[in-house]
Protein chains: 2
Amino acid sequence: MGKPTIADLAKAAGVSATTVSHAFSGRRYVDPETRKRIEALAEAIGYRPNHRARRLRTGGAGSIALVSSMPFAVAAGPSRLGFLMEIAAAAAVTAFSRGISLCLVPPLGPRDSLDALEVDGAIVVEPELDDPVLDFFFDRGVEVVSIGRAPGRDSLPFVDLQSGATAHLLLDHLLEGGGRVGLITGLQRRNSYIEMEAVYAERVAQAGLSAIAIRVDERGGEQAAAAAAERLLRDDPTISALCVPVDAFATGVLDAAGIVGRTVPHDLRLATRYDGMRARLATPPLTAVDLHLDQVAAAAVDLLLARLGQLDPAPTIVSPPSLVLRASSVLPSR
Amino acid sequence: MGKPTIADLAKAAGVSATTVSHAFSGRRYVDPETRKRIEALAEAIGYRPNHRARRLRTGGAGSIALVSSMPFAVAAGPSRLGFLMEIAAAAAVTAFSRGISLCLVPPLGPRDSLDALEVDGAIVVEPELDDPVLDFFFDRGVEVVSIGRAPGRDSLPFVDLQSGATAHLLLDHLLEGGGRVGLITGLQRRNSYIEMEAVYAERVAQAGLSAIAIRVDERGGEQAAAAAAERLLRDDPTISALCVPVDAFATGVLDAAGIVGRTVPHDLRLATRYDGMRARLATPPLTAVDLHLDQVAAAAVDLLLARLGQLDPAPTIVSPPSLVLRASSVLPSR
DNA sequence: TACCGCTTGCAAATCGTTTTGCATACGGCC
DNA sequence: GGCCGTATGCAAAACGATTTGCAAGCGGTA
């Protein structure tokens, strides 16, 4: 016969299933001695409550989804993979410590392929404007929080990536080197780009400089950025620094700089946003921002659980972003 | 009132719940016209079958786990993160295309934190000898397959990482450059290390050379490898090439080479296994092996589903590993 | 007419919990 | 002794689907 059920355990302990249930849940008083006996017996016969039955009764799936709003692997090498996966790893750890599991959800393909998914809530990473993935979950009545504000959806709860502060860190650093500073963001309308562009416009105006900002389609990856940067650098030789938040774009720019004969950082200073392997291993290594993604991920999980009523709302603390200076933007002092 | 149930739909269509169920599952004939009506009505009232109820009845969780047998992030930067996450991304896509979802499971911490996990099966990535994670799932009666053979568990189904072939590719390439070739593997007993060491011993013997092989604790990461390599290179200046399967170790060796004043590839040729971002972005870029992890991941998902009886066993094809030559092991031809 | 087989549909059991409403026992109090 | 409140436990009703066994309708055949 199969796994022992609550009825088996009840029979063994000489009580009813109700009492067993109460003994475990504590929702009603059970004689301590009875409870002890039940617990010991449960251990002995190897009883474990059936999740499926419990969930049918109580509702709730016991899991949450982590969703990328972008293709996992863009054609030429995984672009946001590092970013997403660093979050995924941290989120999985936090989720499991809270007793729920984490489903990794690939970007929306054909609608129905996601029909199998059953989760209590979802975390969407850096949604873009009118992101279809948000509608998808809304339709299903699934609670959603985002990492990074969702443009055009002010009511959606989110964990702030503090893109404004990040933008200031990067741009101030590049601007204080003097010269003309350009900006390369993504074509998609994500909050981090929007804030970055706003701060850029403001700073450039303050400094009395003209803006040089272009957008590249994320799906083009490194190559698209390299091509765009090459054009930009040829058109405008006065550019002395570039702020390139997307790390894959930044390494593309590095290639472009090589092609047009500019040395980084001497002829072109460069900084990016996400401080991942890409930034650290680039040649030269890229100045970047520590976004504390592990904390962000943990905060997102807790925020979601709080909204689901499974956790008391206790705001997790996320450290402010901090600049990590590297050779790509720092001229060696002589 | 809540979401429509099968009873609501049945009433609306003027049939019984049974008929509705059969109309969807096709397990028994229903009049095509009736079925049409049911389907149209389902769409109209927004009926979607309740997963929880279905699962209680049929058994099955509708999801599988992907498990790392190592800490996600080892102290000094994610070492195997790239490897694991590349698999995770591909596995998620394949799993969802098969109508099941993928849970990312952090390495075993306190036992009970995994109690929430409910999956039909698990994929364990490169288990080591006596890996506790395997026992954990066996205890729970969860079907397991591994990526890379599980040492000491010959009966466990697995997707071959073709470590023998990989070893031959790397070692033959390094050996044909002449000189003495050393090997740095991991202390943990994973199949890929074991096979690599075996092939190494064989090849070195064939060539009439003496073996220089050391093992480094994976948990020490890049630094530990750098320290070990530095010692090795100082002790034995005749070493002309190193085969370092762990990518994080390989970049550590790169550092060590710099410290002892060796230029790669001129004074030391270097090759690693996993062709990830680390290998590609290192300076110089590292010769590596394309393991076709996307195919491996897809094959693992399908193998698991086949074992669960949810898929007809149709062996997925995994391309043989292929060498990716890069500057770390190829002397510029003059 | 009686019988058979085929098509189509329904009622009811089942999966294993949680939870509600009721029952029993018992002690204390007037 | 009668009454009431409290402590403890049980029976039974959900939860929403799947699946089995049975039956009605119907045409064809002997």
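What's counted below: heavy atoms across the whole structure, side chains too, no hydrogens, waters or symmetry copies. Keep in mind it's a predicted model, so treat the numbers as computed, not measured. In what follows, every chain begins at residue 1, and chains take the letters A, B, ... in the order their sequences are listed.
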Send over the distance from [X] [atom1] to [N] [atom2], rounded to a whole Å.
{"X": "B/Ile38", "N": "C/dG9", "atom1": "CD1", "atom2": "C1'", "value": "10 Å"}
{"X": "A/Glu118", "N": "D/dA17", "atom1": "CD", "atom2": "C1'", "value": "13 Å"}
{"X": "B/Arg35", "N": "C/dT8", "atom1": "CZ", "atom2": "C1'", "value": "13 Å"}
{"X": "B/Asp31", "N": "D/dG25", "atom1": "CG", "atom2": "C1'", "value": "14 Å"}
{"X": "A/Leu56", "N": "D/dA13", "atom1": "CG", "atom2": "P", "value": "17 Å"}
{"X": "A/Phe24", "N": "C/dG16", "atom1": "CZ", "atom2": "C1'", "value": "14 Å"}
{"X": "A/His51", "N": "C/dC15", "atom1": "NE2", "atom2": "C1'", "value": "16 Å"}

What is the minimum heavy-atom distance between [X] and [Y], and which atoms define it?
{"X": "A/Phe24", "Y": "A/Ala42", "answer": "CZ-CB, 3.9 Å"}
{"X": "A/Pro151", "Y": "A/Asn191", "answer": "CG-N, 3.6 Å"}
{"X": "A/Val15", "Y": "A/Thr34", "answer": "CG1-CG2, 3.9 Å"}
{"X": "A/Ala150", "Y": "A/Leu134", "answer": "CB-CD1, 4.2 Å"}

Each base of DNA chain C marked ( ) or [ ] if paired in-strand (Watson-Crick or G-U under 3.5 Å), | if paired to another strand and . if unpaired gives ||||||||||||||||||||||||||||||
Protein-proximity profile, nucleotides 17-27 of chain C, B/S/- by nucleotide at the 4.0 Å heavy-atom cutoff, equals BBBBBB-----
Scan B/Asp135, B/Asp131, B/Asp130 and name whichever one has a salt bridge (charged side-chain N to carboxylate O under 4.0 Å, His left out) with B/Arg153.
->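 Between B/Arg153 and the candidates, salt bridge (charged side-chain N to carboxylate O under 4.0 Å, His left out) is satisfied uniquely by B/Asp135.
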Do the side chains of B/Arg190 and B/Glu126 get close enough for a salt bridge, i.e. N-O under 4.0 angstrom?
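Between B/Glu126 and B/Arg190 there is no salt bridge, as every charged N stays at least 4.0 Å from the carboxylate O atoms.
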Query raised in the report: Charged N to carboxylate O under 4.0 angstrom, A/Asp302 versus A/Arg98?
Result: yes
Hits for salt bridge (charged side-chain N to carboxylate O under 4.0 Å, His left out) against A/Arg28, two or more places apart or cross-chain, chain-then-number order -> none
